[in-house]
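Convention: sequence-line order gives letters A, B, ...; per-chain numbering from 1.
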Amino acid sequence: MSGFSIAQRRKLNSQLWIAICGVFAAAVAVILLLIMGYIIREGISAISVPFLTHLPRPTGIAGGGVANGIVGTLIIVGIGALMAFPAGVLVGTYLAVYSHKRVAQSLSFVADVLAGVPSIAIGIYAYALLVEPFRHFSALSASFAFAVLMIPLVIRTTEGAIALVPRELREAATALGAPESKVVLKILVVAARAGIVTGLLLSLARVTGETAPLLFTAFGSQYWELSPAQPMAELSLQIFTYAISPYADWHTQAWGGALLLIVAVFVLSVLARLSVLFGREGRHGGTA
Amino acid sequence: MTEQAIAAAAAAPLSRRSLRRAERIGSKIFVAALQASCWLFLLIVGGLVAELIWGARLSLRTFGIGFLWSSQWNPVTEQFGALPFIYGTVVTSVISLVLAAIVGILAAIYLAEFAPRRVGAYLGLLIELLAAVPSIVYGLWGLFVLAPIVANWIGPVLQDTLGFLPVFQGTIYGVNTLTAALILTLMIVPTITAITRDLITAIPMRMREAALALGATPWETAFKVVLPSVTRGIIGACLLAFGRALGETIATTMVIGNRPVISASLFAPGYTIASVIANEFTEATSDLYLSALIELGLILLVVSLIVIGMGRLMVRLFVR
């Protein structure tokens with residue numbers, strides 16, 4: 001150590017710490033990639049035509065698939081989106097247009113906090129509101145839970161997207177005599193549409209694969225169940241049941257299901273990012 | 001013909017006026033719809049808190065405040081206490097937060113300050129994508145891959161080297177508190193890294209230039225100039241990650257072993273608030289049992305509202 005001057009020691013110290021940071025960053029990426037690689041490897045061997053098109057077999061009997069779970073996931077997420085999208089976009093628009101009001105600022109904060117509430121608590125909420133009074137589980141209650149999970153995300157991304165619209169655009173429209181509703185609907189929302197779509201896609205990615213609130217709302221089902229008023233099968237619920245079961249065949253199917261979920265979530269996330277890119281190109285396309 | 005033309009001419013200003021009035025009414029309806037949606041949103045949020053308090057009323061009345069520190073959990077005798085679950089939740093979340101904060105912040109410093117621009121962008125994108133992976137997927141991997149690794153490698157190594165500590169003593173199970181903490185770490189690292197990276201990249205370049213010009217090394221610039229200016233934001237990011245760890249349900253349930261006992265050893269099975277709700281909610285046979293589970297949900301809700309509220313406030317001061 002005595003062979004080094006202070007300056008050299010500081011330089012070495014700096015390089016050492018940068019290397020440590022680099023190792024940590026690489027380690028995070030490598031571990032997460034290894035996990036994904038493992039799931040893809042296990043999942044691909046599980047996915048087959050019967051896996052995608054058949055109903056589950058009774059407990060312990062080999063074969064069968066998760067077709068009802070895939071359809072159930074689409075139905076539950078779809079109805080949830082129908083509830084969350086209009087409400088979320090409206091609230092987000094309000095928050096952006098009236099961002100100077102204190103009410104809007106507090107509501108925006110509430111949305112931020114709600115986005116982090118444990119999904120299991122929201123599951124209890126859906127149970128108390130839509131399961132207990134009717135005395136049976138239903139896909140609709142699961143959709144409601146998903147909607148509560150999605151709304152804050154939709155609100156915040158809509159708000160952010162509209163806030164990014166240049167102020168001059170709004171002022172010009174108002175100066176031309178357009179009423180408030182037209183300024184908002186035909187100028188602000190249209191200019192911010194790419195950002196809003198991104199938010200919708202991200203909220204879909206957020207709830208796809210969410211399991212906890214489904215345990216006591218959708219509950220799961222062995223059959224083809226298409227009525228939202230009844231208990232319904234769902235892919236992530238099936239993965240959970242299969243994973244903690246003692247049957248090797250079900251374990252394989254759980255990996256297959258996990259792969260399907262990852263693919264769905266990645267496609268949604270990538271589409272969301274592309275939507276941002278296209279929005280940016282559209283906005284600058286005219287001037288550049 | 002002429003009569004019609006005259007009539008049309010006479011009606012024109014009137015119709016223009018009525019058009020303007022229609023527009024004004026339309027605007028009012030539009031604003032009202034926006035406000036109504038905000039009220040609906042508030043109603044949903046208020047309903048969440050109200051429903052949980054209402055559902056927990058039986059348990060609140062029966063056990064009172066003692067619910068928080070009773071370690072009894074016996075559905076047969078209807079004795080319910082939250083302590084084992086609070087303990088398990090806090091232990092797993094705190095361990096995962098400490099590990100994830102160290103790893104996540106250092107990784108973020110590298111991505112934002114030192115990585116070649118391309119590498120930083122791709123790695124950052126990758127980590128953000130992985131933050132979206134559903135928890136059931138991590139749970140599945142934790143149960144079949146991580147749990148055996150903990151039982152056969154990590155556990156024995158820790159016991160051999162640090163076995164004098166009570167937390168590393170006892171039989172090593174695969175599904176245990178340590179496995180749960182590790183899987184939570186993997187799940188919250190992306191959150192901390194992504195937010196910290198955003199905070200650091202938002203720091204103006206001239207601060208770094210000033211520090212470097214004064215003779216600071218790149219690491220001193222990053223650690224003593226850039227990082228301190230975003231400390232509050234990073235604390236916020238950690239609180240958000242902590243909130244996520246507290247409420248994480250499915251992954252924890254699959255790897256923690258689900259036993260309502262308080263054990264000093266990290267190698268013993270444990271239980272968390274979210275896991276017990278997930279496991280026992282549909283099996284709750286009596287009203288009091290269900291109510292006790294809902295009260296656990298209420299505790300979880302209140303704690304995470306506080307943690308996440310504080311975290312959001314701190315991050316918000318920076319990212320807008």
Engaged part of [X] at the chain A interface, taking heavy atoms whose separation is under 4.5 Å:
X        : value
B:Ile29  : neither
B:Leu186 : both
B:Thr221 : neither
B:Ala274 : both
B:Leu305 : both

Do you know which of [options] has the most heavy-atom pairs under 4.5 Å to chain A?
options                               : answer
B:Ile308, B:Leu40, B:Ile250           : B:Ile250
B:Val189, B:Ile277, B:Leu300          : B:Ile277
B:Thr249, B:Leu293, B:Ile273          : B:Thr249
B:Arg244, B:Glu113, B:Glu51           : B:Glu51
B:Ile102, B:Val49, B:Val145, B:Leu106 : B:Leu106
B:Gly297, B:Gly243, B:Gly309          : B:Gly309

Could you walk me through whether B:Tyr110 and A:Val23 satisfy the side chain to side chain contact (heavy atoms under 4.5 Å, CB included) test, starting with their C-alpha distance in whole Å, then the side-chain angles of each, then the deciding distance to 0.1 Å, before giving a yes or no? CA-CA 9 Å; B:Tyr110 181 76; A:Val23 167; over 6 Å; no
Can you measure from [atom1] ([X]) to [atom2] ([Y]) and round to the nearest 0.5 angstrom?
X        : Y        : atom1 : atom2 : result
A:Trp255 : B:Trp141 : CH2   : CH2   : 9.0 Å
A:Thr211 : B:Ile136 : OG1   : CD1   : 4.0 Å
B:Leu240 : A:Asp112 : CG    : CG    : 8.5 Å
A:Lys11  : B:Thr217 : NZ    : OG1   : 10.5 Å
A:Leu95  : B:Cys38  : CG    : SG    : 5.5 Å
B:Gln35  : A:Leu90  : CD    : CG    : 12.0 Å

Need one label for [X]: side chain, backbone, both or neither, based on atoms under 4.5 Å from any heavy atom in chain B.
X        : result
A:Tyr38  : side chain
A:Leu114 : side chain
A:Ile35  : both
A:Leu259 : neither
A:Arg206 : neither
A:Leu107 : both
A:Leu202 : neither
A:Ala7   : neither

Which residue is it: B:Leu301, B:Leu298, B:Leu296, B:Ile294? I am looking for the one with a side-chain contact (heavy atoms from CB on, under 4.5 Å) to A:Ile124.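 Among B:Leu301, B:Leu298, B:Leu296, B:Ile294, the one that satisfies the side-chain contact (heavy atoms from CB on, under 4.5 Å) with A:Ile124 is B:Ile294.
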Can you spot which of B:Ile105, B:Ile109, B:Leu111 makes a side-chain contact (heavy atoms from CB on, under 4.5 Å) with A:Cys21?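 Exactly one candidate clears the test, B:Ile109.
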Min side-chain heavy-atom separation [X]-[Y] under 4.5 Å:
X        : Y        : answer
B:Pro134 : A:Val265 : yes
A:Met36  : B:Val133 : yes
B:Leu313 : A:Phe109 : yes
A:Phe266 : B:Leu130 : yes
A:Ile120 : B:Phe281 : no
A:Glu132 : B:Leu290 : yes
B:Phe223 : A:Trp17  : no
B:Leu48  : A:Val117 : yes

Choice from A:Gly88, A:Ala128, A:Ala104 maximising heavy atom contacts with chain B below 4.5 Å: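 Maximum pair count with chain B is reached by A:Ala128.
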Name the option with the most non-hydrogen atom pairs under 4.5 Å to chain B; the candidates are A:Thr208, A:Ile122, A:Ile155, A:Asn13.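 Most heavy-atom pairs under 4.5 Å with chain B: A:Ile155.
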Start with the C-alpha distance between A:Glu180 and B:Lys28, add both sets of side-chain angles, then the distance that settles salt bridge (Lys or Arg N to Asp or Glu O under 4.0 Å), and finish with yes or no. CA-CA 9 Å; A:Glu180 184 88 350; B:Lys28 271 192 185 142; over 6 Å; no
Test log, rule side chain to side chain contact (heavy atoms under 4.5 Å, CB included), inputs B:Val31 and A:Val184: CA-CA 10 Å; B:Val31 174; A:Val184 173; over 6 Å; no
Using only atom types and a distance under 3.5 Å, with no angle test, would you say the side chain of B:Ser27 pairs donor to acceptor with the backbone of A:Ser181?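 Judged by distance alone, yes, a pair lies under 3.5 Å.
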Donor-acceptor pair, side chain of A:Tyr125 and main chain of B:Ile44, under 3.5 angstrom: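 Answer holds: yes.
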Show the numbers, then the answer: is there a side chain to side chain contact (heavy atoms under 4.5 Å, CB included) between A:Leu32 and B:Tyr138? CA-CA 10 Å; A:Leu32 291 173; B:Tyr138 283 109; 3.7 Å; yes
Minimum heavy-atom separation for A:Arg10 and B:Gly215, please, with both atom names.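 Minimum heavy-atom separation between A:Arg10 and B:Gly215: NH2-O, 2.8 Å.
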Give me the atom names and distance for the closest heavy-atom approach of B:Leu140 to A:Ala258.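 Closest approach of B:Leu140 to A:Ala258: CD2-CB, 3.6 Å.
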Check step by step if side chain to side chain contact (heavy atoms under 4.5 Å, CB included) holds for B:Val137 and A:Ile262. CA-CA 8 Å; B:Val137 174; A:Ile262 291 188; 3.7 Å; yes
